[in-house]
Protein chains: 2
Amino acid sequence: MRQKKTPAVANVTVLERLREAGLRPTRQRLALAKLLFARGHRHMSAEELFNEAKTHRVNVSLATVYNALHDFTEKGLLREISIDSNISYFDTNTGNHHHFYFERSGQLEDISEDHISISSLPPAPGGAEISRVDVIIRVKA
Amino acid sequence: MRQKKTPAVANVTVLERLREAGLRPTRQRLALAKLLFARGHRHMSAEELFNEAKTHRVNVSLATVYNALHDFTEKGLLREISIDSNISYFDTNTGNHHHFYFERSGQLEDISEDHISISSLPPAPGGAEISRVDVIIRVKA
DNA sequence: GGTGTCTTTAGAACTGTTCTAACGTCCTTG
DNA sequence: CAAGGACGTTAGAACAGTTCTAAAGACACC
């Protein structure tokens, strides 16, 4: 039975990412980061991550999940997306891109930036700095 | 002292709009609709409308404000916009357009559609129908 | 004017999120 | 290695915005 759990590599890189971001790699943050960044890009709500942690026997409080998500977001490891008035999603893809939002299921799907081009962006009033442009395509499905 | 309140014209058109939308023009809905549509386009939260009603001596419950906003939205008189994770704005401009969002003040400002052009919109997965495209430009101000 | 349907209401309930204050953990520095 | 301090975590309470509930009220149509 050679079923070793996924090797140290993942741990190491996750650990490095936390360190680079200036976040102490605590047991909880490491576990959550692994869940988030383990495979591919994901869109997760706090509640989802909390539940996933539970099913993986990772004991963290809900407050810690929120803290971690916000800390990660602040340090640029995640990007927060508000679609619905009462749920926030956190996107592990922090690059420039946009989203499909499936109204029925509440799921998100990435749209790579080069599929959408915004031309003649109007100047921000008062010369204010633009912090981000979000495009959300709502889909009836 | 000839200070008649603003003339019947506004009332009539608001009343007609409600009727056309298939909404019974109750005292409360009329009053709220007048506040919303009286002058120019507005972005209002439920709480704001509720307070504006109070200061105008319009007695409505908060539940009624929510009911009216949702009814109006369902009938196409308003458009709902979610920016922040916990506040919904209702936009009296239901035409195709986008928004600046001023992060500091929480205010919204319209961007007319022809200031933004989205090219090569990707096909909605599974041929699903697109119900709306929202562009929000977040501005540090 | 009576009748049935739709609307309003106050307050309770609910949901997602944040706060609080006590406790743990880790990293010094001597 | 011990003590100290900064930083993290925790459970549960608190909070904000919104929705629900059940009862009372308004409206439209015959």
Side-chain angles (χ1 to χ4, degrees), chain A residues 14-15 17-19 21-36 43-54 56-75 77-78 80-91 106 108, chain B residues 11 14-36 43-54 56-75 77-78 80-90 106 108:
Chain A
V14 164
L15 194 146
R17 288 188 77 171
L18 290 186
R19 273 211 228 285
L23 291 168
R24 278 225 291 238
T26 63
R27 187 163 37 78
Q28 292 87 338
R29 297 216 264 232
L30 269 169
L32 294 175
K34 262 188 268 176
L35 291 178
L36 284 167
H43 305 106
M44 297 191 90
S45 68
E47 210 72 33
E48 281 167 8
L49 181 55
F50 182 57
N51 289 328
E52 191 162 322
K54 267 199 278 197
H56 282 72
R57 308 267 150 65
V58 173
N59 270 338
V60 288
S61 72
L62 183 55
T64 299
V65 171
Y66 276 101
N67 288 341
L69 287 173
H70 287 146
D71 294 344
F72 292 179
T73 302
E74 234 161 59
K75 302 300 188 180
L77 266 41
L78 290 175
E80 189 175 357
I81 301 162
S82 303
I83 272 105
D84 210 66
S85 47
N86 54 346
I87 278 223
S88 265
Y89 289 97
F90 293 84
D91 192 344
L108 282 175
Chain B
N11 298 347
V14 164
L15 193 147
E16 275 167 7
R17 289 188 77 172
L18 290 186
R19 271 210 230 286
E20 276 163 26
L23 291 168
R24 280 226 288 240
T26 63
R27 189 164 34 79
Q28 291 87 339
R29 296 217 262 231
L30 270 169
L32 294 175
K34 262 188 270 177
L35 291 177
L36 285 166
H43 306 103
M44 297 191 89
S45 68
E47 211 72 32
E48 280 167 8
L49 181 54
F50 182 58
N51 288 329
E52 192 163 320
K54 268 199 277 198
H56 281 71
R57 307 268 151 62
V58 174
N59 271 337
V60 287
S61 73
L62 184 56
T64 299
V65 171
Y66 276 101
N67 288 340
L69 287 172
H70 287 146
D71 294 344
F72 292 179
T73 301
E74 234 162 58
K75 303 298 187 178
L77 265 43
L78 291 175
E80 188 173 359
I81 301 161
S82 304
I83 272 104
D84 210 67
S85 47
N86 54 348
I87 278 223
S88 267
Y89 289 97
F90 294 85
L108 282 176

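Throughout, protein chains are lettered first and strands after them, A, B, ... in sequence-line order, and every chain is numbered starting at 1.
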Student: How many Å lie between CG on A:L30 and P on C:dT25, as a whole number?
Tutor: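 Distance check: A:L30 CG to C:dT25 P gives 15 Å.
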
Student: Roughly, in whole Å, what's the span from CG in A:L18 to P in D:dG8?
Tutor: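 After rounding, the gap between these two atoms is 11 Å.
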
Student: Measure the distance from CZ on B:F50 to C1' on C:dG11 and round it to the nearest whole Å.
Tutor: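 Computing the B:F50:CZ to C:dG11:C1' distance gives 12 Å.
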
Student: Could you tell me how far apart B:Y89 (OH) and D:dG17 (P) are, to the nearest whole angstrom?
Tutor: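 These atoms are roughly 10 Å apart.
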
Student: What residue pairs, at least two apart or across chains, pass side-chain hydrogen bond (donor to acceptor under 3.5 Å, both in side chains) with a residue in residues 18-33 of chain B?
Tutor: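 For residues 18-33 of chain B: B:R29-B:D71.
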
Student: With a 4.5 Å heavy-atom cut-off, do A:M44 and A:F50 have their side chains touching?
Tutor: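 No. Closest side-chain heavy atoms not under 4.5 Å.
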
Student: For B:S82, give me all partners under side-chain contact (heavy atoms from CB on, under 4.5 Å), at least two apart in sequence or on another chain.
Tutor: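 A:S85, B:S88.
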
Student: Roughly how far apart are B:Y66 OH and B:L49 CG, rounded to 0.5 Å?
Tutor: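 Going from the OH atom of B:Y66 to the CG atom of B:L49 covers 10.5 Å.
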
Student: Within this structure, what is the CG-CD distance for the pair A:L62 and A:E47, rounded to the nearest 0.5 Å?
Tutor: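 Here the rounded value is 5.5 Å.
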
Student: Tell me the interatomic distance from B:E48, atom CD, to D:dA16, atom P, rounded to whole angstroms.
Tutor: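 Value for this atom pair: 16 Å.
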
Student: Using the test salt bridge (Lys or Arg N to Asp or Glu O under 4.0 Å), find all partners of A:E74 that sit at least two apart in sequence or belong to another chain.
Tutor: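 None.
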
Student: Quick one: pull up CG in B:N51 and OG in B:S45 and give me the separation to the nearest 0.5 Å.
Tutor: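 With rounding to 0.5 Å, CG (B:N51) is 8.0 Å from OG (B:S45).
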
Student: Would you kindly give the CE-to-P distance between B:M44 and D:dG17, to the nearest whole Å?
Tutor: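 Going from CE in B:M44 over to P in D:dG17 covers 15 Å.
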
Student: Are any protein N/O atoms closer than 3.5 Å to N/O atoms in nucleotides 5-8 of chain C? If there are, list each pair with its distance.
Tutor:
unit_1: C:dC6; atom_1: O4'; unit_2: B:R24; atom_2: NH2; d: 3.3
unit_1: C:dC6; atom_1: O2; unit_2: B:R24; atom_2: NH2; d: 3.2
unit_1: C:dT7; atom_1: OP1; unit_2: B:R29; atom_2: NH2; d: 2.2
unit_1: C:dT8; atom_1: OP1; unit_2: B:T26; atom_2: OG1; d: 2.5
unit_1: C:dT8; atom_1: O3'; unit_2: B:Q28; atom_2: NE2; d: 2.7

Student: Rounded to the nearest 0.5 Å, what separates atom CD in A:E48 from atom NE2 in A:H43?
Tutor: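 Separation between the atoms: 11.0 Å.
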
Student: Please tabulate the protein-to-nucleotide N/O contacts below 3.5 Å involving nucleotides 16-19 of chain C, giving atom names and distances.
Tutor:
unit_1: C:dG16; atom_1: O3'; unit_2: A:N86; atom_2: O; d: 3.1
unit_1: C:dT17; atom_1: OP1; unit_2: A:S88; atom_2: N; d: 3.2
unit_1: C:dT17; atom_1: OP2; unit_2: A:Y66; atom_2: OH; d: 2.4
unit_1: C:dT17; atom_1: O5'; unit_2: A:Y66; atom_2: OH; d: 3.1

Student: Tell me, do B:L36 and B:F90 make a side-chain contact under 4.5 Å, heavy atoms counted?
Tutor: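 No, every pair of side-chain atoms sits at 4.5 Å or beyond.
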
Student: Rounded to the nearest 0.5 Å, how far does CG of A:L15 lie from CG of A:L23?
Tutor: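 Rounded to the nearest 0.5 Å, the CG-CG separation comes to 11.5 Å.
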
Student: Check step by step if side-chain contact (heavy atoms from CB on, under 4.5 Å) holds for B:L18 and B:L77.
Tutor: CA-CA 9 Å; B:L18 290 186; B:L77 265 43; 4.0 Å; yes

Student: Per the end-axis method with five pairs at each terminus, what is the bend angle of the helix from C:dG1-D:dC30 to C:dG30-D:dC1, to 10°?
Tutor: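 Between the axes fitted at each end of the helix from C:dG1-D:dC30 to C:dG30-D:dC1 lies an angle of 20°.
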
